[in-house]
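Here the structure is laid out as structure tokens; the discussion comes afterwards.
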Amino acid sequence: MEKDSKIRVLTGDRPTGKLHLGHYVGSIKNRLKLQEESDVSFHMIADIQALTDNADNPEKIRKNVLEVALDNLACGLDPQKTTMFIQSEIPEIAELTVLFLNLVTLARLKRNPTVKDEMKQKGFGEDVPAGFLCYPVSQAADILFAKANVIPVGEDQLPVIEQANEIVDDFNRFYGKIFDRIKPKVGDTPRLVGIDGSTKMGKSLNNAIYLSDSHEEISKKVMDMYTDPGHIHVEDPGKVEGNVVFIYLDIFDEDKNEVKKLKEQYKKGGLGDVIIKKRLIEVLEKFLAPIRERREELAKNPSEIMKILEDGTERAREEAKKTMEEVRKAIKIDYF
Ligand code: TRP
């Protein structure tokens, strides 16, 4: 990032479901911090991107626009400080995507590790929708229409940002410098394991604790958590590494000393899984209860939430118009 350039933050969520703890530690926490430190801050609900692998299910995307807005607002995103908007309402993003598509090759798109992983997970193979394969290009447009330069994202998105920077470099080289390079900002916990101990918490993996989960849901999920399969009797020595309960306690329990003591005791033997699970339930409840309560309050007035998005979209569109004027001029497609 240039020395004298302002901090312009932009981040986004696909409205395919409610957000979970992985989103919080990977990105939302940074969004909240950066909305205070930045010159401008944007949050996009990426409905077009969500449609790239849900073309046959627009109802799902439509419904989750509100859910994702609620999750972010409940966590503390402040519409006075962060312009919240809906991707599909900014046609300039689509326009910019088409222009950026000339700057990437099919081979490069197929090599993107994030896209490759997601394609495998979704079982696409060669039958991948072209829109899905190209989503890193449209994501570059999501970011650059607003001239954003700091992007809070989960670790899995780093290759997408890298590809966006290649687009920035090519664009600036071909047409003159318009865009800054982009800096991803990954949370202190770049990747949160799922409750089943698999490497990533994800909706489609069925191993997530949602920001909106009830106390009962949290309790049930923690009680089901993967610990140490070798820790059968209370008096057996247990393993702390790879033990999901301890991984979560390390992240969410504020009393680090107590966690350290519990770990020692668990390793020696004599500490049952139920005791550490009960502690984690308490810790997560303390963290999630205020978010859940705020969310329930906000959810009573969906039209107010939609108004926030409408106002934000209007502001975002102003930015988009300015950027497109510059882009058209640079590419010499400013005829009249
Ligand atoms: N691909 C992101 C995700 O799945 C969502 C997203 C869309 C995004 N557009 C963005 C993130 C722009 C940052 C910037 O999490």
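When a ligand or atom number is given, it counts from 1 through the structure's own listing order. The first residue of the sequence shown is numbered 1, and numbering continues consecutively from there.
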Have a look at ligand 1 and work out which part of Val160, if any, has a heavy atom under 4.0 Å from it: side chain, backbone, both or neither.
neither
Looking only at side-chain N and O atoms, does Thr323 offer a donor or acceptor that is under 3.5 Å from a partner on Glu92?
no
How far is atom 4 (O) of ligand 1 from the closest protein heavy atom, and which atom is that?
Arg14 NE, 3.3 Å
Mind checking whether Gln49 has an N or O less than 3.5 Å away from an N or O of ligand 1?
yes
Donor-acceptor pair between Glu118 and Tyr135 side chains, under 3.5 angstrom
yes
Hey, what's the ring geometry for Phe85 with Phe42, parallel, tilted or perpendicular (30° and 60° as the breaks)?
perpendicular
Does Glu89 pair with Arg317 as a salt bridge, N-O distance under 4.0 Å?
yes
I need the atoms of ligand 1 closer than 4.0 Å to a non-hydrogen atom of Leu10, numbered in the order shown.
12 (C), 14 (C)
Is it the case that ligand 1 has an N or O less than 3.5 angstrom from some N or O of Gln139?
yes
Heavy-atom nearest neighbour in the protein, as seen from atom 5 (C) of ligand 1, with distance rounded to 0.1 Å:
Gly12 O, 3.5 Å
Under 4.0 Å from any heavy atom of Ile151, which atoms of ligand 1 are there?
13 (C), 14 (C)
Close N or O approach (Asp142, ligand 1; < 3.5 Å)
yes
What is the nearest protein non-hydrogen atom to atom 2 (C) of ligand 1, stated with its residue, atom name and distance?
Gln157 OE1, 3.4 Å
Run the side-chain contact (heavy atoms from CB on, under 4.5 Å) test on Lys18 and His23 for me, step by step, so that the C-alpha distance in whole Å, both residues' side-chain angles and the decisive distance to 0.1 Å come before the verdict.
CA-CA 10 Å; Lys18 294 178 179 180; His23 291 112; over 6 Å; no
Do Asp228 and Asp236 make a side-chain contact, defined as non-hydrogen atoms from C-beta onward lying under 4.5 Å apart?
no
Taking only heavy atoms of Ala46, which atoms of ligand 1 are found under 4.0 Å from at least one of them?
7 (C)
Would you check if Arg328 and Tyr335 make a side-chain contact, meaning some heavy-atom pair closer than 4.5 Å?
no
